[in-house]
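Whatever order the structure lists ligands and atoms in, that order sets their numbers, starting from 1.
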Amino acid sequence: MPECANAMLDVQSIETFYGETQALFGPSISVGEGEVVSLLGPNGAGKTTTIRSILGLTPPRNGRVFFDKKEVTRLSTHKISRLGIGWVPDDRRIFPSLSGKRNLALGARKTRFRSWSVDEMVEIFPALDHLMVRDCENMSGGELQMVSISRALLGAPGLVLFDEPSQGLAPKIVQDVMRTIRRLKGEGISCLIVEQNALAALEVSDRVYVMDRGRIEHEGSARELLDNAPLRRRLIGM
Ligand SMILES: Nc1ncnc2c1ncn2[C@@H]1O[C@H](COP(=O)(O)OP(=O)(O)OP(=O)(O)O)[C@@H](O)[C@H]1O
């Protein structure tokens, strides 16, 4: 059973391996309904592996994952995403030869959570309007990120996993992405953000986990980490 009664996501002591190499040594993470949580830590800490474990891309060998009170540990990635977990991967994973519109159509689905329309996506990212007819192979990093986030939302998620959402983006687009995360929170959608731009992530987060070498090193409120410079420097070096 989930340990945290109202958690949208409840990751319990997962151990994940690549072949015989263990990458995760039992991290436990929860994200409440409408909560925004940051997952920070140095390169190789295990942040992306945690996301891959939740999505069933690299299933944990031990431990359990619950989403929306259902155990998803042994489900296929396809089934997990259909339950309402959206993913904004660090490499965007957009089909380059398809238009923005076709890429968005591939993400559309109904779940028990709020549905989003393409018009709402255009309201959030006005530039998306003229990207609909363009092939994605000619888009900039920021444009691809708008398509990627919109595709995740058209899948009607209850939880969105963001892997390095601001990577390679101009400051204005980073602001747009963070504003979107705030909007999702306002709509009761949960978000888990893996981010190198720790300060931007903390600004929009309720809570934070800091990982190191496959373990949780620190867990607390995002505000505490923003306000406590010595603690922040020790944990995330900034
Ligand atoms: N495909 C893989 N095969 C073998 N080992 C891997 C693979 N992917 C990641 N690892 C190892 O697993 C550990 C955790 O990596 P992971 O990518 O989850 O870290 P991360 O915190 O996301 O780092 P970064 O910020 O650099 O993306 C590292 O030791 C890494 O070398």
Participant: Counting non-hydrogen protein atoms only, what is the nearest one to atom 16 (P) of ligand 1? Give residue, atom name and distance.
Facilitator: Thr49 OG1, 3.5 Å
Participant: Is Thr50 close to Ile29 at the side-chain level, that is, under 4.5 Å between some pair of heavy atoms?
Facilitator: yes
Participant: Check this for me: Arg114, atom CZ, are more than 12 non-hydrogen atoms of other residues, nucleotides or ligands nearer than 6.0 Å?
Facilitator: yes
Participant: Which residues satisfy the side chain to side chain donor-acceptor pair (under 3.5 Å) test with Arg102, sequence neighbours excluded?
Facilitator: none
Participant: When you measure from atom 4 (C) of ligand 1 to every protein heavy atom, which one gives the shortest distance, and what is it?
Facilitator: Tyr18 CB, 3.4 Å
Participant: Identify which of Asn43, Thr16, Val194, Asp163 has a heavy atom lying nearest to atom 24 (P) of ligand 1.
Facilitator: Asn43
Participant: Could you tell me whether Arg112 and Asp68 have a side-chain N and a carboxylate O separated by less than 4.0 Å?
Facilitator: yes
Participant: Do me a favour and list the nearest non-hydrogen protein atom to atom 25 (O) of ligand 1 with residue, atom name and distance?
Facilitator: Lys47 NZ, 2.9 Å
Participant: Going by the order shown, which atoms of ligand 1 are within less than 4.0 Å of some heavy atom of Ala45?
Facilitator: 19 (O), 20 (P), 21 (O)
Participant: Do Gly41 and ligand 1 have an N or O pair less than 3.5 Å apart?
Facilitator: no
Participant: Please tell me if atom 7 (C) of ligand 1 is touched by the protein, where touching means a protein heavy-atom distance below 4.0 Å.
Facilitator: yes
Participant: List the closest protein heavy-atom neighbour of atom 17 (O) of ligand 1: residue, atom name, distance to the nearest 0.1 Å.
Facilitator: Thr48 CB, 3.8 Å
Participant: Does some non-hydrogen atom of Pro42 fall short of 4.0 Å from ligand 1?
Facilitator: yes
Participant: Under 3.5 Å between any N/O of Gly46 and any N/O of ligand 1: does that happen in this structure?
Facilitator: yes
Participant: Is it true that Lys47 and Glu164 have a side-chain N and a carboxylate O under 4.0 angstrom from each other?
Facilitator: no
Participant: For atom CD of Glu137, is the number of surrounding heavy atoms from other residues, nucleotides or ligands below 6.0 Å larger than 12?
Facilitator: yes
Participant: Would you check whether Gln196 reaches within less than 4.0 Å of ligand 1, judged by its heavy atoms?
Facilitator: yes
Participant: For atom 13 (C) of ligand 1, what's the nearest protein heavy-atom neighbour? Residue, atom name and distance, please.
Facilitator: Gly44 O, 3.8 Å
Participant: Salt bridge or not for Arg183 and Glu123, using N-O below 4.0 Å?
Facilitator: yes
Participant: Assess whether a salt bridge exists between Lys185 and Asp206, defined as any Lys/Arg side-chain N lying under 4.0 Å from an Asp/Glu carboxylate O.
Facilitator: yes
Participant: Could you list the residues that satisfy side chain to side chain donor-acceptor pair (under 3.5 Å) with Arg151, not counting sequence neighbours?
Facilitator: none
Participant: For atom 31 (O) of ligand 1, decide whether some protein heavy-atom distance is shorter than 4.0 Å.
Facilitator: no
